[in-house]
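Computed from a predicted model, the values in this text were never measured in an experiment. Computed from heavy atoms alone, side chains included, the values below leave out hydrogens, waters and symmetry copies.
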Amino acid sequence: SSSSITSSLSVASGGTPQSPSRYEAQKRRDWNTFGQYLRNHRPPLSLAQCSGAHVLEFLRYLDQFGKTKVHASACPFFGHPSPPAPCPCPLRQAWGSLDALVGRLRAAYEENGGSPESNPFAARAVRLYLREVREHQARARGVSYEKKKRKKPQQLAGDSSSGSFHGNQHQPPPGPPPAAGC
């Protein structure tokens with residue numbers, strides 16, 4: 001029932017007296033908002049009845065409060081990150097905001113007694129929807145959402161990768177350059 005959602009929401013992160021972190025506070029606000037959405041749903045839904053389809057419905061509902069311009073394919077500014085003039089294209093939730101929201105709600109679901117196996121925020125349909133939103137917004141706004149590649153450790157000069165083992169593979173970094181005028 002929805003009362004079980006409400007009662008589990010009143011327990012702050014572990015009952016600690018200190019104020020929660022920004023992340024924990026945002027997660028609690030998001031969880032409360034989702035709980036309100038379930039209570040206002042027609043017919044009202046319990047958390048146990050909630051599926052990935054309901055999560056998608058919630059994410060689409062949130063689009064009306066978005067602040068990110070997403071150009072339609074027929075818009076002359078489609079694919080332009082900084083359009084030179086206004087256009088009637090809709091404002092939507094940004095992909096990054098939705099992705100972060102789903103992550104927080106996924107964690108909150110499990111913290112509030114839900115099992116990882118039945119977590120509607122982890123449903124395949126939700127992951128596919130987020131990917132679709134990311135790809136569409138990248139095309140519509142001309143913005144790439146490539147994963148940041150981790151830098152590979154740089155090899156030191158003279159360090160060949162011939163495969164031979166020289167005992168100590170971790171050499172100290174080179175010292176500072178010689179002082180000018182020496």
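- Linking ILVMFWY residues whenever their side-chain heavy atoms come closer than 4.5 Å, directly or via other members, leaves Val70 and Phe77 in distinct clusters.
- Here the closest non-hydrogen pair linking Ala123 and Gly52 is CB-CA, 3.9 Å.
- Residues Ser73 and Arg139 fail the side-chain proximity criterion, which asks for heavy atoms closer than 4.5 Å.
- Heavy-atom minimum distance, Phe78 versus Ala140: CE1-CA, 3.4 Å.
- The OH atom of Tyr37 lies 3.5 Å from the CD atom of Glu57; values are rounded to the nearest 0.5 Å.
- Summarising the geometry of Ser115 relative to Ser118, their closest heavy-atom pair is OG-OG, 2.9 Å, with the distance given to 0.1 Å.
- Arg141 is listed as a side-chain neighbour of Thr68, based on a closest heavy-atom distance under 4.5 Å.
- We find the CG-OG1 distance between Leu62 and Thr33 to be 8.0 Å, quoted to the nearest 0.5 Å.
- Considering only heavy atoms from C-beta on, Cys87 comes within 4.5 Å of His71 through its side chain.
- Applying the side chain to side chain donor-acceptor pair (under 3.5 Å) test to Arg104 and every residue at least two apart in sequence or in another chain returns Asp30.
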**OP:** Quick one: do Tyr129 and Val102 satisfy side-chain contact (heavy atoms from CB on, under 4.5 Å)? Show the steps, please.
**Re:** CA-CA 11 Å; Tyr129 174 77; Val102 167; over 6 Å; no
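- The backbone N or O of Gln93 sits less than 3.5 Å from a side-chain atom of Asp63, completing a donor-acceptor pair.
- Atom CD of Gln49 is separated from atom NE2 of His41 by 9.5 Å, given to the nearest 0.5 angstrom.
- Taking the side chain as every heavy atom from C-beta outward, Leu105 and Val55 never approach each other to under 4.5 Å.
- A 4.5 Å side-chain heavy-atom check between Leu45 and Cys50 finds every atom pair outside the cut-off.
- Considering all non-hydrogen atoms of both residues, Gln137 and Trp95 come closest at OE1-N, 2.9 Å.
- Contact check for Leu91 versus Lys67: no side-chain heavy atoms found under the 4.5 Å cut-off.
- Closest approach of Ala122 to Arg127, counting heavy atoms only: O-NH1, 2.8 Å.
- Around OH of Tyr61, the count of heavy atoms belonging to other residues, nucleotides or ligands within 6.0 Å does not exceed 12.
- Of all non-hydrogen atoms in Glu24 and Pro20, the two that sit nearest each other are CB-CB, 3.7 Å.
- At a threshold of 4.5 Å between non-hydrogen side-chain atoms, the residues Asp99 and Val133 do not count as touching.
- Contact annotation: the side chain of Phe34 approaches that of Leu47 to within less than 4.5 Å [non-hydrogen atoms, C-beta and beyond].
- The CZ atom of Arg28 lies 11.0 Å from the CG atom of Asn112; values are rounded to the nearest 0.5 Å.
- Glu111 is linked by a salt bridge (Lys or Arg N to Asp or Glu O under 4.0 Å) to Lys27, counting only residues two or more places apart in sequence or in another chain.
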